[in-house]
Amino acid sequence: MINIKSEREIELMKEAGRYNQLAFKEVEKYLKPGVTTGKLDKVIYDFIIKNDCIPSTLGYQGYPASVCISINDEVVHGIPGKRVIKNGDIVSIDLVLSYKGYHADATRTYIIGKVSDDVKKLVENTKKAFYAGVQKVKEGARIRDVSRAIEDYAHSHGLSVVEELVGHGIGSSMHEEPDVPNFDDNNMTVLKAGMTIAIEPMLNLGSKKVYMCDDDWTVKTYDGKPSAHYENTVLVTKDGYEILTGD
Ligand code: MF3
Ligand code: CO
């Protein structure tokens, strides 16, 4: 079942989205070469708790942290810890929090220092692929219109699309129906005003193939080439969309 949010629920989703943006602003202050991913997790945890929010990922199916931090060839769900961020890394921060029971989910991929032109393009085009997708969102559009726009954008820029992980509905649960794939899977589900969805392209510089690491969380590219991720929580409206987690 796909939830249509009430006016009150939409207000709470917007508040959650606002806190999510503030949490990114906070962690960005600390994001530089030499910092550990564990420190960034602590900054985010402290910020979330201080603002009467809850870190959605902490304890979710046993996930041990308040954020996922995935570096270079890590696609998603990297676990923060002792790893030190260094010049030349690309760092994806995937942050989900709830406010009064409503979740907001967003991901940014940051370039640390100097990277090759290829990698810079990967990061920029992953964000642009999100925008290619979200522009299709409005009441009456199909999920597949969004998926196809992302896939087409990625392929036309020489990037591959990770298929094992997909976007999702979001609201009083972190993951709700419908799935929002980043590739065309013939999903004919029709969007309606009041749905809230997380659109989150994960694009690779090399092949689309990925594998699960021994920690049972971190997903990496099979060929070791970098991957980028960009995500926002989006409200479907009558004639378009509203992004609840900023830019
Ligand atoms: N933002 C991620 C998602 O959309 C949340 C990470 S899930 C966790 O699925 F399992 F790592 F907690
Ligand atoms: Co998500």
Side-chain angles (χ1 to χ4, degrees), residues 1-7 9-11 13-14 16-18 20-21 24 75-76 92 94-96 102-109 121-205 208 210 227-247:
M1 207 217 22
I2 302 178
N3 290 317
I4 305 290
K5 273 72 181 179
S6 67
E7 279 305 317
E9 290 181 297
I10 290 169
E11 281 316 306
M13 295 288 297
K14 286 182 180 174
R18 201 174 62 81
N20 189 300
Q21 292 176 60
F24 271 102
V75 180
V76 287
S92 297
D94 183 350
L95 199 165
V96 199
Y102 286 84
H103 298 260
D105 186 356
T107 307
R108 302 288 179 261
T109 299
K121 277 266 166 257
L122 165 71
V123 173
E124 288 172 0
N125 283 328
T126 303
K127 178 172 178 175
K128 288 184 182 169
F130 164 85
Y131 280 99
V134 80
Q135 274 160 28
K136 299 289 177 187
V137 172
K138 64 172 182 202
E139 175 150 290
R142 296 182 192 279
I143 298 276
R144 88 178 285 194
D145 302 331
V146 178
S147 303
R148 197 152 40 178
I150 293 171
E151 180 173 47
D152 286 350
Y153 189 91
H155 288 168
S156 68
H157 290 82
L159 302 173
S160 64
V161 176
V162 175
E163 295 182 355
E164 283 78 354
L165 300 128
V166 295
H168 48 92
I170 180 167
S172 54
S173 301
M174 175 165 66
H175 295 139
E176 298 183 352
E177 285 180 48
D179 279 356
V180 185
N182 300 302
F183 59 95
D184 186 9
D185 70 342
N186 294 314
N187 190 326
M188 301 302 269
T189 306
V190 175
L191 295 169
K192 292 202 174 65
M195 288 181 185
T196 43
I197 54 175
I199 300 176
E200 50 176 317
M202 289 147 269
L203 304 185
N204 295 349
L205 198 52
K208 67 177 181 183
V210 298
S227 182
H229 188 187
Y230 187 87
E231 173 177 27
N232 282 308
T233 298
V234 174
L235 168 69
V236 182
T237 64
K238 277 259 173 287
D239 28 53
Y241 59 89
E242 207 174 312
I243 298 177
L244 306 186
T245 43
D247 180 68

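Numbering starts at 1 and runs along the sequence shown.
Residue Tyr102 holds its OH atom at 14.0 Å from OG1 of Thr233, rounded to the nearest 0.5 Å. Glu11 contributes atom CD, which lies 9.5 Å from atom OG of Ser6 (distance to the nearest 0.5 angstrom). Separating the OG1 atom in Thr107 from the CG atom in Asn20 is a distance of 8.5 Å, to the nearest 0.5 Å. A distance of 9.5 Å separates CG of Leu205 from OG of Ser227, quoted to the nearest 0.5 Å. To the nearest 0.5 angstrom, Leu203 atom CG is 13.0 Å from Lys208 atom NZ. Taking NZ from Lys192 and NZ from Lys238, the interatomic distance works out to 10.0 Å, rounded to the nearest 0.5 Å.
Between the side chains of Asn232 and Arg108, at least one donor-acceptor pair of N or O atoms lies under 3.5 Å. Arg142 and Asn187 share no donor-acceptor pair across their side chains, judged by distance under 3.5 Å alone.
Residues Leu122 and Leu159 approach most closely at CD1-CD2, 3.8 Å, considering heavy atoms. For the pair Ile4 and Ala193, the tightest heavy-atom approach, listed with the atom from each and the gap, is CG2-O, 3.5 Å. Residues Pro181 and Ser147 come closest through the heavy atom pair O-OG, 2.7 Å. Here the closest non-hydrogen pair linking Glu231 and Asp94 is OE1-OD1, 3.4 Å. Listed here is the closest heavy atom pair of Val236 and Glu139: CG1-N, 3.8 Å. Here the shortest heavy-atom pairing between Leu235 and Gly194 reads CD1-CA, 4.0 Å.
No side-chain heavy atom of Ile170 sits less than 4.5 Å from a side-chain heavy atom of His175. In this structure, Val180 and Glu200 have side chains that are not in contact, with every pair of non-hydrogen atoms separated by 4.5 Å or more. Looking at heavy atoms from C-beta onward, Glu177 lies in side-chain contact with Ile2 at the 4.5 angstrom threshold. Using a 4.5 Å cut-off on side-chain heavy atoms (C-beta onward), Val161 and Pro201 make no contact.
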Practice task
Run the numbers on Tyr131 and Asp247 for side-chain contact (heavy atoms from CB on, under 4.5 Å), then give the verdict.
Solution key: CA-CA 10 Å; Tyr131 280 99; Asp247 180 68; 2.4 Å; yes
Exercise for the section: Before giving the answer on side-chain contact (heavy atoms from CB on, under 4.5 Å), spell out for His168 and Glu176 the whole-Å C-alpha distance, their side-chain angles and the decisive distance to 0.1 Å. Expected result: CA-CA 6 Å; His168 48 92; Glu176 298 183 352; over 6 Å; no
Practice task
Please step through side-chain contact (heavy atoms from CB on, under 4.5 Å) for the pair Ile243 and Phe130, ending with a clear verdict.
Solution key: CA-CA 11 Å; Ile243 298 177; Phe130 164 85; 3.8 Å; yes
Handout entry: side-chain contact (heavy atoms from CB on, under 4.5 Å) between Lys138 and Leu191, worked out
Key = CA-CA 7 Å; Lys138 64 172 182 202; Leu191 295 169; over 6 Å; no
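The side chain to side chain contact (heavy atoms under 4.5 Å, CB included) test with Glu151 is passed by exactly one of Asp185, Val146, Asp184: Asp184. With respect to Met202, the side chain to side chain contact (heavy atoms under 4.5 Å, CB included) criterion is satisfied by exactly one of Thr126, Asn182, Thr109, Val210: Asn182.
Heavy atoms from other residues, nucleotides or ligands lying under 6.0 Å from NZ of Lys5 number more than 12.
Screening residues 132-153 for ring-ring contact (aromatic ring centres under 6.0 Å, His included) gives Tyr153-His157 as the qualifying pairs, with residues at least two apart or on separate chains.
Taking the charged nitrogens against the carboxylate oxygens, Lys121 and Glu124 do have a contact shorter than 4.0 Å, which makes a salt bridge.
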